[in-house]
Amino acid sequence: MSRTVYVNGEYLPEEDAKISIFDRGFLFADGVYEVTSVLGGKLVDFDGHAVRLDRSLNELDMPNPISKEDLLAVHHKLVADNGIDEGLVYLQITRGAPGDRDFAFPDPEVCTPTIVLFTQNKPGLAAKVSPVKVISIEDIRWGRRDIKTVQLLYPSMGKMMAKAAGCDDAWLVEDGYVTEGTSNNAYIVKGGKIITRALSTDILHGITRAAVLRFAREAQMEVEERSFTIEEAQQADEAFFTSASAFVMPVVEIDGAKVGDGEPGSVALRLREIYLEESLKKAV
């Protein structure tokens, strides 16, 4: 049975979903997105994703075509209609389809944004801990990584570089320091201290990142927000990354060097446990 998806106010079988060839998301990557996890049929960190969505749209001077309340209702209907117990809801909003190709933004009074949502079924999402091996690559993305745009070609290329090297992911490096992973925020642990890059336009302001750091501090763990190098990461006691689809995932190898003893670290595993437990309490 095909999935039910949402396109511009309509719930449709996925094979009937259509977007104009003039949509600016297709022509210019002129759009933003969010991915919300579903656990036990409920949405994890929905409020955080809705707030970040508004911020991304505002930074691109793009109107939001849907209220937070209506967006929540669409998420709930798609989760129910597609029978999602564990999985993801993907949301994308573009500037719309003005009817022709032009670098200049179309008049927002005439061209309405395109909004698309679909689900991905991921049974066992919460239970799956897959230790990750990463490589480092140069970070050559544009300078506004804090905006969650659909400009994902280089991160996709980074994933493929990692795959070609027999690894799982890539950590991006700029001016000698790790910025983030291809689709996640990066961390190391040294002497019990959790170290991760501070927020700026250099990295995505991760919703899972914010929750994990809050829970870590509440658990009396020490957190230091600063940049670190690949060499420092290789010499750390442990490393991990966070994302909405992987929660907290241990990193056991960086550029061929084992991190710690090459096994998932206790801090990362404890943070994953805390995050899942606490987030489920507030899931909607």
Side-chain angles (χ1 to χ4, degrees), residues 3-9 11 14 17 19 23-26 28-39 41-82 84 86-96 112-122 125 141-142 144-153 155-156 180-185 199 201 203-212 214 241-248 275 279-280 282-284:
R3 284 174 291 186
T4 296
V5 302
Y6 179 91
V7 181
N8 294 331
Y11 295 93
E14 61 179 280
I19 296 295
D23 192 277
R24 288 181 60 89
F26 172 64
F28 296 103
D30 189 4
V32 302
Y33 76 102
E34 287 290 337
V35 180
T36 302
S37 292
V38 180
L39 295 178
K42 294 184 176 183
L43 302 164
V44 176
D45 285 332
F46 174 81
D47 283 347
H49 289 289
V51 169
R52 187 173 62 183
L53 174 67
D54 277 337
R55 181 184 183 278
S56 292
L57 291 169
N58 287 335
E59 291 296 310
L60 296 179
D61 195 25
M62 195 182 302
N64 192 336
I66 190 168
S67 70
K68 178 182 173 182
E69 293 73 23
D70 288 344
L71 186 61
L72 178 59
V74 173
H75 276 69
H76 280 156
K77 180 168 174 57
L78 288 178
V79 168
D81 288 356
N82 291 299
I84 306 298
E86 290 192 349
L88 306 169
V89 180
Y90 179 91
L91 156 70
Q92 179 169 305
I93 297 176
T94 76
R95 205 176 299 273
T112 58
T114 297
I115 178 169
V116 169
L117 289 93
F118 59 82
T119 58
Q120 293 180 303
N121 191 31
K122 303 280 187 180
L125 182 66
R141 299 170 298 164
W142 81 315
R144 291 303 308 275
R145 301 151 197 165
D146 56 307
I147 306 172
K148 197 171 178 68
T149 73
V150 297
Q151 299 180 56
L152 297 172
L153 180 57
S156 295
E180 57 192 346
T182 59
S183 58
N184 47 68
N185 290 116
L199 293 180
T201 57
I203 67 170
L204 183 67
H205 298 191
I207 302 306
T208 307
R209 175 192 185 278
V212 165
R214 183 175 70 253
F241 70 76
T242 62
S243 71
S245 58
F247 313 119
V248 180
Y275 175 78
S279 295
L280 277 170
K282 298 178 181 179
V284 293

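Keep in mind that this is a model prediction, so the values were computed, not measured. Excluded from the calculations below are hydrogen atoms, water molecules and symmetry mates; all remaining heavy atoms, backbone and side chain alike, are included.
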All heavy atoms of L88 vs all of S37, minimum pair found to be CD2-OG, 3.7 Å

Taken to the nearest 0.5 Å, the spacing of S245 OG from N184 CG works out to 8.0 Å

Separation between CG (L199) and CZ (R209), nearest 0.5 Å, reads 4.0 Å

Report the C-alpha separation of E180 and R141 in whole Å, then their side-chain angles, then the decisive distance to 0.1 Å, and conclude whether the salt bridge (Lys or Arg N to Asp or Glu O under 4.0 Å) test is met.
CA-CA 11 Å; E180 57 192 346; R141 299 170 298 164; 2.8 Å; yes

So CG of L60 and CG of D30: to nearest 0.5 Å the spacing works out to 7.0 Å

>> Just so I know, are the side chains of V89 and L117 near enough to count as touching, which here means a heavy-atom distance under 4.5 Å?
In response: yes

| query | Hey, is the main chain of D61 close enough, under 3.5 Å, to the side chain of R95 for a donor-acceptor pair? | reply | yes

*Apply side chain to side chain contact (heavy atoms under 4.5 Å, CB included) to the pair S56 and I147, showing each step before the final yes or no.*
CA-CA 5 Å; S56 292; I147 306 172; 3.9 Å; yes

Taking every heavy atom of P65 against every heavy atom of I115, the minimum-distance pair comes out as CG-CB, 4.2 Å

In this structure, NE2 of H76 is separated from CG of L71 (nearest 0.5 Å) by 10.5 Å

dist F46:CZ -> I207:CD1 (nearest 0.5 Å) comes out at 11.5 Å

Full working for side chain to side chain contact (heavy atoms under 4.5 Å, CB included) between V212 and F247: CA-CA 9 Å; V212 165; F247 313 119; over 6 Å; no

Closest heavy-atom pair, P113 versus I93, reported as atoms and distance to 0.1 Å, is CB-CG2, 4.0 Å

Requested in this report: Check whether any side-chain heavy atom of M62 lies under 4.5 Å from a side-chain heavy atom of L57, and answer yes or no.
Outcome: yes

| Y275 side chain reached by T242 side chain, heavy atoms, under 4.5 Å | no

Between the CZ atom in F26 and the OG1 atom in T114, the distance rounded to the nearest 0.5 Å is 13.0 Å

* Considering residues, nucleotides and ligands other than Y90, do more than 12 of their heavy atoms fall under 6.0 Å from its OH? -> yes

For A211 and D45 the tightest heavy-atom approach is CB-OD2, 4.2 Å

Applying side chain to side chain contact (heavy atoms under 4.5 Å, CB included) to E34 and not counting sequence neighbours gives H49, R52, L53, L91, K148

Closest non-hydrogen atoms of H205 and D146, given as atom of the first, atom of the second and distance, are NE2-CB, 3.7 Å

Review point. Can you find a heavy atom in the side chain of L43 that is under 4.5 Å from one in the side chain of L72?
Key: yes

- Query: Any donor and acceptor pair, going by atom type alone, linking the side chain of R3 with main-chain N or O of T119 inside 3.5 Å?
  - Reply: yes

Decide yes or no for L39 and E86: does some side-chain heavy atom of the first lie under 4.5 Å from some side-chain heavy atom of the second?
-> yes

Q. Any side-chain heavy-atom pair from Q151 and W142 closer than 4.5 angstrom?
A. yes

>> I'd like to check D47 versus K68 (side-chain heavy atoms, cut-off strictly below 4.5 Å). Are they in contact?
In response: yes

Margin query: When you measure from the side chain of N82 to the backbone of I84, do you find a donor-acceptor pair of N or O atoms at a distance under 3.5 Å?
Written below: no

Identify whether NZ of Lys or CZ of Arg in K77 sits under 6.0 Å from the centre of the six-membered ring of Y11 and within 45° of that ring's axis. yes

All heavy atoms of V7 vs all of A17, minimum pair found to be CG2-CB, 3.8 Å

- Query: Does the side chain of T201 reach to within under 4.5 Å of the side chain of R144, using non-hydrogen atoms?
  - Reply: yes

